[in-house]
Amino acid sequence: EHSWTSLILEHANRRQGRQALKIYEDMRKDGVEPSPHTFLALLKACSCLQDLKRTKQVHAEVVMSGFESDVDINTMLVDVYAKCRSLVDATLAFDKMPHRDVVCWNAIILAYAQTGKVEQSLHFYARMQQEGVVPDRLTYISILKACTYLAGLKTREENGGLHVLQSILEIVRVIHANLRKRKFQSDVVVGNMLIDVYGKCGSLKDARCVFEAMPRRTVVSWNAVIFGYARMKEGEEALRLYTRMQREGVQPD
RNA sequence: AGGUCCUAGCGAU
């Protein structure tokens, strides 16, 4: 069983989802019983296929094998259903969970965040705290993702979105304050997201401030700040940053 | 044996 699972996982990691599912069929034909690890590997395959129908089939197999209340599997189901763009199924899986830890709260927050549903993300964020679960770095990242996605939509609208951008900006400032309090502000991914979202909200000043304060930067940090200026038609500053990036030995990608 | 994570682009849809 272990070797079957490794094989499935390997194909899933190489984004060969269909192969992975086929191997699972062979495994069952050989009369081998799947373990929770098998399903985690299968769900990873579903996640890259983004195929709702197949995900539901795997879900059915999970139930038949008696792993319906496995926390890890359910968390992954929430995530995969969201990647298949079925928030309904993601939410159903989430609601069925008897016990919820921070990881699964993060998964549902991210599920809504991925399509810019800021209000719902914040709603789950509030609920998790009511239930005594302490947010972690990924919780904040997930909420920032919701803000980023929505801000990205609104900046592309020529005029209409200005007041929305303003309210997103206010939310981001609150999250930013929390991140400072929790000492997550020096995290690279967090920093990258703040640069991006501040830029998309039109606040290059905040974006730049975060960028300059970062203890460590990656090419993503540079991209985010450069695209921020470019978006606001500040081509010259974007170019200056681009040359500075090269001077500091970071390769463009 | 690894349940949730960043920008842009490219594919897929």
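As the structure is a prediction and not an experimental result, all values here were calculated from the model. The chains referred to below are lettered A, B, ... by the order of the sequence lines, with proteins before strands, and numbering in each begins at 1.
- Aromatic pair A:Trp222/A:Phe211: ring centres closer than 6.0 Å.
- Checking B:rU4, B:rA1, B:rU7 against the side-chain heavy atoms of A:Lys200 singles out B:rU7 as nearest.
- For the residue pair A:Asp136 / A:Thr139, a side-chain donor-acceptor distance below 3.5 Å is found, with atom types taken as modelled.
- Nucleotide B:rU7 holds its C1' atom 16 Å from the OH atom of A:Tyr229, rounded to whole Å.
- Of the candidate nucleotides B:rA1, B:rG3, B:rC5, B:rG3 has the atom lying nearest to any side-chain atom of A:Met76.
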Exercise for review: Under the salt bridge (charged side-chain N to carboxylate O under 4.0 Å, His left out) rule, what do A:Glu237 and A:Arg240 come out as? Steps first, then yes or no, please.
Suggested key: CA-CA 5 Å; A:Glu237 190 55 27; A:Arg240 265 196 292 277; 2.6 Å; yes

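- Note: CZ (A:Arg100) to P (B:rG3) measures 20 Å, nearest angstrom.
- Following rounding to the nearest Å, A:Asn106 (CG) and B:rG2 (P) show an atom-to-atom distance of 20 Å.
- The interatomic distance linking A:His37 (NE2) with B:rA1 (C1') rounds to 6 Å, in whole Å.
- Atom pair A:Asn74:CG and B:rU4:C1' shows a separation of 14 Å (rounding to whole Å applied).
- Nearest to the side chain of A:Val189, among B:rU7, B:rC5, B:rG3, sits B:rC5.
- Checking the phosphate oxygens (OP1, OP2) of B:rC6, a side-chain nitrogen or oxygen of A:Lys145 falls inside 4.0 Å.
- Nearest nucleotide to the side chain of A:Phe227, out of B:rC6, B:rA8, B:rG3: B:rA8.
- A:Asp70 comes within 4.0 angstrom of no nucleic acid atom, judged by non-hydrogen atoms across all strands.
- Protein atom CD1 of A:Ile175 is 15 Å distant from nucleotide atom C1' of B:rC5, rounded to whole Å.
- Across the protein-nucleic acid pair, A:His11 atom NE2 and B:rA1 atom P stand 21 Å apart, rounded to whole Å.
- Counting any heavy atom pair closer than 4.0 Å across all strands shown, A:Val190 reaches no nucleic acid atom.
- Base pairing in RNA chain B gives no stem of 3 or more Watson-Crick or G-U pairs under 3.5 Å.
- Nucleic acid contact class of A:Leu138 (heavy atoms, under 4.0 Å, all strands): base.
- A salt bridge is absent between A:Glu234 and A:Lys205: the closest approach of a Lys/Arg side-chain nitrogen to an acidic carboxylate oxygen does not fall below 4.0 angstrom.
- Rounding to whole angstrom units, CE of residue A:Met193 and C1' of B:rU4 are separated by 13 Å.
- Within the 4.0 angstrom heavy-atom criterion, no nucleotide atom of any strand lies near A:Ile108.
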Review point. After noting the C-alpha distance and the side-chain angles of A:Glu10 and A:Ser6, does the key distance pass the side-chain hydrogen bond (donor to acceptor under 3.5 Å, both in side chains) rule?
Key: CA-CA 6 Å; A:Glu10 212 173 287; A:Ser6 314; over 6 Å; no

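- Contact check, A:Lys83 against B:rA12: no side-chain N or O comes under 4.0 Å of OP1 or OP2.
- Residue order along RNA chain B, read from the 5' end via each residue's closest nucleotide, puts A:Thr139 first among A:Thr139 and A:Arg85.
- Side-chain atoms of A:Asn223 and base atoms of B:rG9 include no donor and acceptor less than 3.5 Å apart.
- Between A:Lys22 and A:Asp26 there is no salt bridge, since no side-chain N of the basic residue sits under 4.0 Å from a carboxylate O of the acidic one.
- Here B:rC5 is the nucleotide among B:rG3, B:rC5, B:rA1 with the atom lying nearest to any side-chain atom of A:Ile141.
- When distances are taken from the side chain of A:Val220 to each of B:rC6, B:rA1, B:rG2, the shortest belongs to B:rC6.
- By the 4.0 Å N-to-carboxylate-O rule, A:Lys154 lies close enough to A:Glu157 to be salt-bridged with it.
- A salt bridge does not link A:Glu25 to A:Arg28: none of the charged nitrogens lies less than 4.0 Å from a carboxylate oxygen.
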